[in-house]
Amino acid sequence: MEIVPLGTPEEVARLAADVVEAAVRARADAVLGLATGSTPLPTYRELIRRHESGAGPSYARVRCFTLDEYVGLPPGHPESYRATIARELTDSLGIDPDHVQGPDPAPEDLPTAGSRYEEALTAAGGVDVQVLGIGSDGHLAFNEPGSSLSSLTRIKTLTEETRHDNARFFGSIDEVPRHVLTQGLGTILRARHLLLLATGAGKADALATAVEGPLTASCPASVLQLHPHVTVLADAEAAAGLARRDHYREVYDGKPGWQGL
Ligand code: PGA
């Protein structure tokens, strides 16, 4: 894993935007894996800013897959991840809505939603860069503690902690759905490059447990330790709990320019 301790969330956003843009420049029809939540929003705003200024690459042929989706919201609900990712990123980058896919939460199709999403990901050739956040309980996508480290896309039940964390997007915790469809940890591991973003003091414990603790289903994000190409971008607050923080920074500062992220 490459862990890059940075200063501010804006620094995280700039470097994360560099990684996403590099993937699209390398392949015009790149497949991007997109996370929702608060953490990636500065990165998405930076990508949009660059795109609108003419400095960014063309996204005309890019395809996108979201990590997860709530089950039980009416179609088109503003907090559905389908609507959120269009509003926060893909519409502004000019990405055709047909090029953006998420797990299908239609109630009658739930039994096959997971396998259909796996097939869609495979048919697209897999994800080139997967943007990830981390839950305060160590979840990755909506793989809550106890998730199989080789799980595939399926329905999951949110923990109280996650529903509490996400209540800010809804009127109250009672409105936060209890169930979700989420890419599994095994699904996420198939992406070619994992880009985990962590900002704020609320993520410090989860990040330290994920990258410096043991590999365990009790901290689903620890599965990152199994992947050959992981980049963790953390601001100062999120990196505060890392025992080897100074070493990670020394490694990053000493990297030859040709290596990239
Ligand atoms: P957040 O969520 O970015 O809104 O903190 C991260 C997550 O739940 O994975």
Side-chain angles (χ1 to χ4, degrees), residues 6 8-13 15-17 20 32-47 65-71 73 78-85 87-89 102-103 127 129-147 151 153 156-170 173 175-185 187-189 191 194-211 217-224 227 230-241:
L6 297 163
T8 63
E10 290 71 31
E11 276 182 79
V12 170
L15 216 47
V20 172
L32 301 179
L34 301 174
T36 43
S38 302
T39 311
L41 292 180
T43 299
Y44 294 164
R45 283 195 288 269
E46 178 67 9
L47 287 168
F65 287 87
T66 57
L67 279 173
D68 39 25
E69 184 57 278
Y70 289 114
V71 170
L73 294 178
E79 292 309 326
S80 72
Y81 285 167
R82 182 70 203 220
T84 301
I85 206 68
R87 182 175 67 240
E88 304 291 0
L89 183 67
V127 169
V129 178
Q130 176 64 62
V131 179
L132 295 163
I134 182 170
S136 60
D137 65 357
H139 72 213
L140 202 60
F142 272 140
N143 294 281
E144 297 286 25
S147 292
S151 47
T153 306
K156 289 292 283 180
T157 304
L158 295 179
T159 61
E160 275 305 296
E161 184 173 344
T162 297
R163 291 183 64 240
H164 181 268
D165 285 350
N166 287 8
R168 68 190 191 281
F169 297 114
F170 293 82
I173 189 167
E175 291 172 50
V176 182
R178 291 180 183 277
H179 295 103
V180 291
L181 283 162
T182 182
Q183 286 190 30
L185 297 171
T187 317
I188 292 167
L189 285 180
L194 302 182
L195 181 64
L196 181 83
L197 313 180
T199 54
K203 302 300 173 66
D205 287 348
L207 184 65
T209 306
V211 302
S218 295
C219 178
S222 68
V223 81
L224 295 174
H227 194 282
V230 177
T231 306
V232 177
L233 304 179
D235 74 351
E237 289 184 350

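Quantities reported herein were computed from a predicted structural model and do not represent experimental measurements. Order of listing sets the numbers, starting from 1, for every ligand and every atom in it.
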- Does a sphere of radius 6.0 Å around CZ in Arg87 hold more than 12 heavy atoms from other residues, nucleotides or ligands, not counting ones at 6.0 Å or beyond? yes
- Given Ser147, which of Thr182, Val223, Leu185 fulfils the side-chain contact (heavy atoms from CB on, under 4.5 Å) condition? Leu185
- Task: Taking the six-membered ring for Trp and the full ring for Phe, Tyr or His, determine whether the centres of Phe170 and Tyr70 are under 6.0 Å apart.
- Result: yes
- Query: Does any non-hydrogen side-chain atom of Pro220 lie less than 4.5 Å from one of Pro145?
  - Reply: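 Side chain of Pro145 against side chain of Pro220, heavy atoms only: contact under 4.5 Å found.
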- Take Thr39 and Val12 through the test side-chain contact (heavy atoms from CB on, under 4.5 Å) and record every step on the way to the result. CA-CA 10 Å; Thr39 311; Val12 170; over 6 Å; no
- Test ring-ring contact (aromatic ring centres under 6.0 Å, His included) applied to Tyr44 - qualifying residues, sequence neighbours left out: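 In terms of ring-ring contact (aromatic ring centres under 6.0 Å, His included), with neighbours along the sequence ignored, Tyr44 is linked to no residue.
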- Output for ligand 1, non-hydrogen cut-off under 4.0 Å, lists Gly37, Ser38, Thr39, Gly133, Ile134, Gly135, His139, Arg168, Lys203
